[in-house]
Amino acid sequence: MSIMGLKKKQPKTFKVKVITMDAEMEFSCEVKWKGKDLFDLVCRTIGLRETWFFGLQFIVKDTFAWLKPEKRVLDQEVPKEDPITFHFLAKFYPEKVEEELVQEITQHLFFLQVKKQILDEEIYCSPEASVLLASYAVQAKYGDYDPNFHKPGFLAQDELLPKRVLKQYQMTADMWEEKITAWYAEHRGIARDEAEMEYLKIAQDLEMYGVNYFPITQNKRDTDLLLGVDALGLHIYIPDNKLSSKKSFAWSGIRNISYSEKEFTIKPLDKKAEVFKFYSSQLRVNKLILQLCIENHDLFMRRRKVDSIEVQQMKAQAREEKARKKMERQRLAREKKLREEAERAKEDLERRLYQLQDESRLANEALIRSEETADLLAEKAQIAEEEAKLLAQKAAEAEQERQRLEVTALKTKEEKRLMEQKMREAELIAVKLVEESERRSKEAEQLKQDLNEAREAERRAKHRLLEITKPSYPVIASYPAHPPADVGDLNLESGSFKFDFKDTDMKRLSMEIERERVEYMEKKQTPTRAVEGAQN
């Protein structure tokens with residue numbers, strides 16, 4: 001086996017990753033491919049025809065470089081990595097975006113790149129212009145503003161303003177969103193490509209738009225200048241001020257640009273004008289400056305010539321496409337308007353239908369209530385009629401009762417008069433009875449006293465009688481042989497004691513007391529019956 005056979009075979013392809021502003025792509029490339037082959041493949045993949053604005057950029061030793069189209073890819077200072085990473089970016093900027101950018105894809109890529117440069121503060125933008133640009137970016141992303149859909153906070157995740165602007169004012173995110181939304185609402189009806197074009201038309205007037213800056217020195221000892229290369233010419237800046245140039249050289253006024261090692265020479269078209277020289281310390285940067293100057297000058301001269309057949313065809317197709325899209329947008333706008341009107345009419349009809357349904361339901365409910373009310377009224381009428389009959393019957397009964405009461409009242413009046421008379425008589429009788437009762441009470445007390453005295457006398461008499469009738473012979477022997485002539489009276493004396501007793505008087509007194517007691521009881525019962533009769 002030969003030594004050559006032992007060598008490892010070299011790969012015939014290599015991988016690259018191309019990053020655009022909105023996508024990433026990977027390709028398998030042949031080793032012999034030149035930069036133009038890879039660039040054309042990317043342009044065909046994304047459908048780009050305005051290729052002269054773009055290039056493939058890569059990073060080498062902390063500086064950027066552009067892939068050269070006429071040289072093999074692997075022969076250039078590309079990163080030694082797998083896959084090799086390139087950024088597909090705009091290398092040159094148009095003077096007037098509205099006239100030069102033909103394809104929509106070209107315009108979209110420029111819009112994304114310029115927006116990123118503004119947000120990254122590579123292009124200075126005032127706060128007012130930043131808010132306006134942000135509103136067009138929102139219009140391009142979200143379409144027409146709809147307050148029912150775009151609620152507060154819908155921009156919270158979007159990066160729309162440079163950090164410098166956010167720090168410059170003490171405003172909350174909600175306040176910035178409110179300002180952007182106020183402008184955004186004014187862009188209603190603008191399509192995405194139109195919003196992106198309006199964004200670029202504002203951005204192209206910014207001082208740092210499309211300018212590539214490089215550090216230079218006017219002599220070999222100091223580094224206090226910046227070289228700016230853009231579509232209009234060369235500009236000299238001081239490092240602290242990139243907005244206004246210290247000196248400018250338009251492409252139309254430059255006769256020649258040359259460099260030798262680190263020295264650049266700008267020769268004006270006017271031979272009497274002073275030749276301007278500057279220095280750059282890095283050879284790689286010097287080659288990049290020269291390349292940008294040559295290609296920007298070529299584009300500058302190309303813009304001032306008649307467009308090529310290809311460009312004319314592209315512009316014609318773009319105009320036709322724009323006209324077609326405009327007509328399509330108008331048609332869509334009309335359809336949208338008609339659809340909105342139809343939807344509004346549908347909503348009105350639905351609302352009217354719901355209203356009629358509600359009215360019908362209410363009418364049915366009212367009809368049912370009316371029927372129920374009619375039934376109730378009929379029932380009430382029947383009840384009222386029956387009540388009227390009852391009232392008439394009661395009225396007749398009341399009339400009869402009234403007449404009876406009148407008769408009764410007359411009788412009552414007479415009875416009352418008689419009663420009052422009887423009451424007066426009863427009162428008189430009662431007074432008399434009270435007086436008689438008091439008199440009788442006194443008599444009864446007197447009689448009682450007399451009775452007590454009589455009973456006491458009787459008791460004493462009986463006691464004496466017992467003493468008299470007690471056998472005592474000595475006493476009898478002392479009495480005379482013949483009693484006194486009046487036997488009805490006894491006169492008994494023993495020493496100083498004397499006793500008189502009459503039996504007939506005692507009987508007579510007892511009979512009188514009994515007779516008076518009976519009369520008193522009869523008289524007492526007679527007034528009580530009189531009072532009860534008067535009350536009845």
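Under the 30°/60° scheme for interplanar angles, the aromatic rings of Phe278 and Phe276 are found to be tilted.
For the residue pair Tyr199 and Glu194, no side-chain donor N or O sits within less than 3.5 Å of a side-chain acceptor on the partner. Between the side chains of Tyr142 and Asp158, at least one donor N or O lies within less than 3.5 Å of an accepting N or O.
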Let me check something: any side-chain donor-acceptor pairs from residues 145-153 under 3.5 Å, sequence neighbours excluded? List them with distances.
{"residue": "Asp146", "atom": "OD1", "partner": "Asn148", "partner atom": "N", "Å": "3.1"}
{"residue": "His150", "atom": "ND1", "partner": "Asp146", "partner atom": "N", "Å": "2.9"}
{"residue": "His150", "atom": "ND1", "partner": "Asp146", "partner atom": "O", "Å": "3.3"}

Could you pull out every donor-acceptor pair under 3.5 Å between side chains of residues 229-246 and any protein atom, sequence neighbours left out?
{"residue": "Asp230", "atom": "OD1", "partner": "Leu232", "partner atom": "N", "Å": "3.0"}
{"residue": "Asp230", "atom": "OD1", "partner": "Gly233", "partner atom": "N", "Å": "3.0"}
{"residue": "Asp230", "atom": "OD1", "partner": "His235", "partner atom": "NE2", "Å": "3.1"}
{"residue": "Asp230", "atom": "OD2", "partner": "His235", "partner atom": "NE2", "Å": "3.2"}
{"residue": "His235", "atom": "ND1", "partner": "Ser248", "partner atom": "OG", "Å": "2.8"}
{"residue": "Asn241", "atom": "OD1", "partner": "Leu243", "partner atom": "N", "Å": "3.0"}
{"residue": "Asn241", "atom": "OD1", "partner": "Ser244", "partner atom": "N", "Å": "3.4"}
{"residue": "Asn241", "atom": "ND2", "partner": "Ser244", "partner atom": "OG", "Å": "2.8"}
{"residue": "Ser245", "atom": "OG", "partner": "Ser248", "partner atom": "OG", "Å": "2.8"}

Compile the donor-acceptor pairs under 3.5 Å between side chains in residues 366-374 and protein atoms, sequence neighbours left out, one pair per line.
{"residue": "Ser370", "atom": "OG", "partner": "Ala366", "partner atom": "O", "Å": "2.7"}
{"residue": "Thr373", "atom": "OG1", "partner": "Arg369", "partner atom": "O", "Å": "2.5"}

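Between the side chain of Gln76 and the main chain of Lys71, a donor-acceptor pair closer than 3.5 Å is present. Remark: the backbone N or O of Ala23 is paired with a side-chain donor or acceptor of Thr20 at under 3.5 angstrom.
Under a 4.0 Å N-O distance rule, the pair Lys15/Glu81 does not qualify as a salt bridge. Salt-bridge check for Glu95 with Arg303: passed, with a basic side-chain N closer than 4.0 Å to an acidic carboxylate O. Under the 4.0 Å criterion applied to side-chain N and carboxylate O atoms, Glu295 and Lys91 are assigned as salt-bridge partners. The pair Glu340-Lys337 does not count as a salt bridge, with every side-chain nitrogen at least 4.0 angstrom from each carboxylate oxygen.
Taking the centre and axis of the six-membered ring of Tyr354, the NZ or CZ atom of Arg352 falls outside the cone set by 45° and 6.0 Å. Stacking of Arg304 on the aromatic ring of Trp251 is not recorded, the 6.0 Å distance cut-off and the 45° axial limit not both being met.
Side-chain rings of Phe39 and Phe88 approach one another, their centers coming within less than 6.0 Å.
In this structure, CD in Glu320 is found 10.5 Å from CD in Gln313, a value given to the nearest 0.5 Å.
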